[in-house]
Amino acid sequence: MAEAGHLRIGELSRRTGTSVDLLRAWEKRYGLLDPDRSDGGFRLYSDEDVGRVRAMQAHLADGLAAAEAARRALEIGGPEAGGGNLIEQSRRELADAFAGFAEGRANAVLDRLLGALSLDTVLVEVVLPYLHELGEAWARGDASVAQEHFASNFVRGRLFGLGRGWGEGAGPHALLACPPREQHDLGLIAFGLALRNRGWRITYLGQDTPLSTLEQEARELQPDRVVVAASTPERLEDVLADIAKLAQAAPLSLAGVGASPELAAKAGATLLEGDPVSEAERLTRELRAGARSRT
Amino acid sequence: MAEAGHLRIGELSRRTGTSVDLLRAWEKRYGLLDPDRSDGGFRLYSDEDVGRVRAMQAHLADGLAAAEAARRALEIGGPEAGGGNLIEQSRRELADAFAGFAEGRANAVLDRLLGALSLDTVLVEVVLPYLHELGEAWARGDASVAQEHFASNFVRGRLFGLGRGWGEGAGPHALLACPPREQHDLGLIAFGLALRNRGWRITYLGQDTPLSTLEQEARELQPDRVVVAASTPERLEDVLADIAKLAQAAPLSLAGVGASPELAAKAGATLLEGDPVSEAERLTRELRAGARSRT
Amino acid sequence: MAEAGHLRIGELSRRTGTSVDLLRAWEKRYGLLDPDRSDGGFRLYSDEDVGRVRAMQAHLADGLAAAEAARRALEIGGPEAGGGNLIEQSRRELADAFAGFAEGRANAVLDRLLGALSLDTVLVEVVLPYLHELGEAWARGDASVAQEHFASNFVRGRLFGLGRGWGEGAGPHALLACPPREQHDLGLIAFGLALRNRGWRITYLGQDTPLSTLEQEARELQPDRVVVAASTPERLEDVLADIAKLAQAAPLSLAGVGASPELAAKAGATLLEGDPVSEAERLTRELRAGARSRT
DNA sequence: ATAGGTTTTGTCAAGCTTTTGTACAT
DNA sequence: ATGTACAAAAGCTTGACAAAACCTAT
């Protein structure tokens with residue numbers, strides 16, 4: 001590695017959008033950087049340093065004090081270092097367990113993961129990829145329906161277990177549902193968990209919810225955000241007019257493979273196109289920013 | 001327990017719909033309440049007091065004079081005099097909680113029940129009746145779809161939580177599923193739990209399972225019993241030929257409101273017409289008898 | 001983990017939507033928070049604190065007076081205090097709760113764990129390690145007798161609650177007991193639960209059971225396995241002859257720190273030297289293998 | 001039910017300190 | 001490049017205040 005230094009401070013400043021003075025202050029005050037020096041004494045930074053500065057900025061944007069942001073940026077290797085192996089292995093074991101209807105082993109794998117990593121990581125690195133892969137295998141005909149059913153029910157049960165109590169609390173409030181005839185709700189549950197982890201309160205209506213009901217509850221509960229998720233565009237297109245009406249009742253987002261920029265635009269809704277965890281993060285940040293700007 | 005006081009008089013008033021003045025009057029005249037006091041002298045009421053006020057109201061509504069109503073409200077021993085009271089009260093609280101999307105309270109009710117009674121009792125006395133009633137209310141149009149969805153998802157999550165690990169073990173093996181297009185699986189899950197509680201190992205395929213898949217898995221796993229549950233006869237009639245074929249592969253039972261003696265006879269299957277717990281008990285007994293006779 | 005403090009009061013305010021002044025007031029008046037301080041004296045909050053504030057808000061929304069809401073937020077803790085490592089965090093919280101005789105909080109922690117993980121994992125990763133540690137702390141004189149009693153009784157109550165109905169069912173049958181003068185039965189109960197989870201039927205005789213009684217029951221009930229657990233060798237040595245006789249009546253295993261290969265050999269019994277869950281798994285596997293070989 | 005006094009609790013202000021980004025002299 | 005200075009933003013403590021909620025007694 002050792003990536004010898006090569007960037008001078010001006011270039012590092014340009015690349016990271018941080019002033020030269022500030023970079024020096026961070027170095028002095030928090031030891032964030034420890035650049036090589038040219039013969040003449042110029043600081044020479046490596047690519048790793050760019051990463052460190054970016055991490056610092058991310059933590060600042062997250063609201064941490066500069067001192068604390070620096071401390072964290074320095075704690076590299078970070079949370080999931082060495083988790084890579086565990087994750088890779090767990091994915092394989094999980095697929096194996098499902099193939100053999102071995103609930104006990106599947107439970108053990110998830111327990112081990114949850115014990116070692118954060119829920120966000122488990123969702124993003126194992127559960128969601130597995131669901132994705134399962135869908136594809138099923139479409140290809142490589143997975144039996146029984147296997148898909150068994151795995152779905154298993155995962156649904158575990159996710160609901162993790163979500164226990166998510167309907168309580170004082171944070172922002174999200175209302176989650178799938179449109180009529182939509183049965184795939186696992187991604188939506190995962191999204192609910194990611195929101196919960198960020199302080200949201202969740203009301204979950206789930207699979208196959210009529211739009212009229214959804215609109216009525218949106219008016220009544222006045223959630224900070226309504227999210228409708230579908231696995232195919234048809235499910236949304238079929239009720240597009242109702243969705244547009246729903247968007248009048250509360251801030252609305254569309255999610256899932258079935259959502260698209262066009263549909264979202266027509267409905268007057270936001271599109272959530274990333275993975276559940278990133279989108280939960282984004283929604284939370286936006287809400288926080290909105291609250292601040294209104295002050 | 002001794003659940004120290006915590007509600008102030010205003011909140012007690014809001015919760016019971018009785019004016020603050022009247023509450024103080026009842027305390028003074030009949031000694032209906034005997035709240036703790038804060039350092040500054042504020043009255044602090046416990047959850048028990050809420051129950052006592054409710055009892056008082058019930059007696060008043062019943063036509064008793066206030067003095068007499070209070071005497072009786074005090075007599076009833078208090079919180080959960082006898083199991084019957086607990087069950088009755090829990091049912092009401094559960095219905096209340098679902099009506100208000102109050103997940104926390106619903107969890108609290110179930111936790112209390114599970115702490116005090118056996119799983120069988122909780123299923124038979126509270127969960128299954130509630131599901132039944134919910135179905136009827138929904139059919140009558142008295143419950144919103146949202147409420148039904150919310151409650152179903154909540155109950156499904158809790159039941160799966162209770163069944164965690166049910167796929168493992170040394171006991172007899174049951175394979176459970178609903179036929180195509182059937183979405184009501186809560187009763188089937190409850191049945192799985194009742195079986196589990198009697199030592200069975202459960203493989204759960206759930207809603208909307210194609211018969212071809214089911215038959216294939218039945219041949220492969222060789223379960224001691226396959227149970228197919230449906231909420232309307234059509235779901236079963238539509239695939240009657242396949243069900244008959246399935247009955248060749250493994251001992252088969254039909255369950256749910258959609259099952260009938262005629263259908264079972266045509267399919268070559270047993271009928272489970274009682275509640276999940278009794279039928280689980282019966283199946284277990286039969287299996288044991290069968291094992292003995294084969295010896 | 002030790003997730004040191006890192007949020008300053010402004011950010012905590014933004015994240016929870018509570019004014020800075022109010023946060024300080026809650027700290028001063030109710031001791032709701034006890035933040036670290038920067039060198040200069042700024043308050044530094046942890047993720048757990050975010051959870052505590054959220055719990056406080058939830059209770060306020062529920063109508064409790066602020067003083068009472070704070071008391072509960074401290075007792076019962078927050079719903080989901082940040083991601084992190086679930087097991088590590090739960091262990092700490094449990095130890096905390098026991099140290100403060102906070103039954104409500106201990107219950108909340110266990111409920112969350114049981115909802116999120118399988119029983120096996122909760123036993124192996126949290127409950128048993130805690131018992132072990134408590135034993136050591138007590139031996140060192142670091143834990144008071146009162147604390148040890150409180151924790152033991154609490155855990156015993158919860159474990160028996162989980163085992164409710166374990167005497168029923170169709171699976172293999174285990175008879176569990178401790179020898180005379182042995183009072184430590186928590187590990188044995190955990191073992192019973194692990195067996196139950198694998199389909200066994202449990203008859204539990206518990207602490208301080210005379211060998212004569214045990215032998216009589218073994219002859220009468222004809223269990224598939226008898227397990228005797230002791231925390232010191234003396235308890236077993238004192239009745240070794242009787243144990244050997246018991247081994248004639250039914251398949252016998254010795255367990256607990258007091259058991260050893262020598263003792264087992266002398267008694268004609270098997271030794272269970274691993275943790276309860278692994279040994280339950282092993283016994284179940286052996287039983288299944290035995291059943292198959294006899295076919 | 002009203003009147004008159006008390007407690008609780010969220011908010012604010014004043015005066016001082018710490019933290020942190022930026023500026024400037026050497 | 002370095003070291004120092006500076007000012008805005010964010011925090012700290014103490015003390016006070018007023019509205020809401022509650023008290024007793026009539």
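Residue numbering restarts at 1 for every chain, and letters A, B, ... go by the order of the sequence lines. Computed from a prediction, not measured in an experiment: that's the story for all the values here.
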Derivation of the side chain to side chain contact (heavy atoms under 4.5 Å, CB included) call for A:E217 and B:F150 | CA-CA 11 Å; A:E217 296 304 334; B:F150 176 80; over 6 Å; no

Start with the C-alpha distance between A:L205 and A:L176, add both sets of side-chain angles, then the distance that settles side chain to side chain contact (heavy atoms under 4.5 Å, CB included), and finish with yes or no.
-> CA-CA 6 Å; A:L205 298 183; A:L176 311 184; over 6 Å; no

In whole angstroms, how far is the P atom of E:dA21 from the CG atom of B:L44?
-> 16 Å

Could you tell me the separation between the NE2 atom of A:H59 and the C1' atom of D:dT19, rounded to a whole number of Å?
-> 19 Å

Whole-Å gap separating P (D:dT8) and CG (C:L64) = 16 Å

Of C:D39 and C:L22, the one whose closest DNA chain D nucleotide lies more 5' | C:L22

Tell me: CG of A:D36 to C1' of E:dA1, nearest whole Å?
-> 16 Å

Taking 4.0 angstrom as the limit, do B:E27 and B:R24 come out as a salt bridge?
-> no

Between CG of B:D21 and P of E:dC23 the distance, given in whole Å, is 10 Å

Can you find a side chain N or O atom of A:W26 that sits less than 4.0 Å from OP1 or OP2 on D:dT20?
-> no

Spell out, as yes or no, whether a donor-acceptor pair under 3.5 Å connects the side chain of A:E168 to the backbone of B:G104.
-> yes

Send over the distance from B:R43 CZ to D:dT6 C1', rounded to a whole Å.
-> 14 Å

Of the listed E:dT13, D:dT8, D:dT11, the closest approach to the B:R8 side chain comes from D:dT8

How long is the span from the CD atom in B:E68 to the CG atom in B:D62, to the nearest 0.5 Å?
-> 11.5 Å

DNA chain E: 5'-proximal contact among C:R37 and B:G41 (nearest heavy atom) = C:R37

Value in whole Å for how far the C1' atom of D:dT7 lies from OH of C:Y30 = 11 Å

Reckon B:R24 has a side-chain N or O less than 4.0 Å from the OP1 or OP2 of E:dC23?
-> yes

When the nearest nucleotide of DNA chain E is assigned to C:F42 and to B:V20 on a heavy-atom basis, which residue is associated with the more 5' position?
-> C:F42

Residue-phosphate contact under 4.0 Å: C:S38 side-chain N/O, E:dG11 OP1/OP2 | no

Ignoring hydrogens and angles, answer whether the base of D:dG10 and the side-chain atoms of C:R29 contain a donor-acceptor pair closer than 3.5 Å.
-> yes

Interatomic distance where CD1 belongs to B:I9 and C1' belongs to D:dT6 [whole Å] | 15 Å

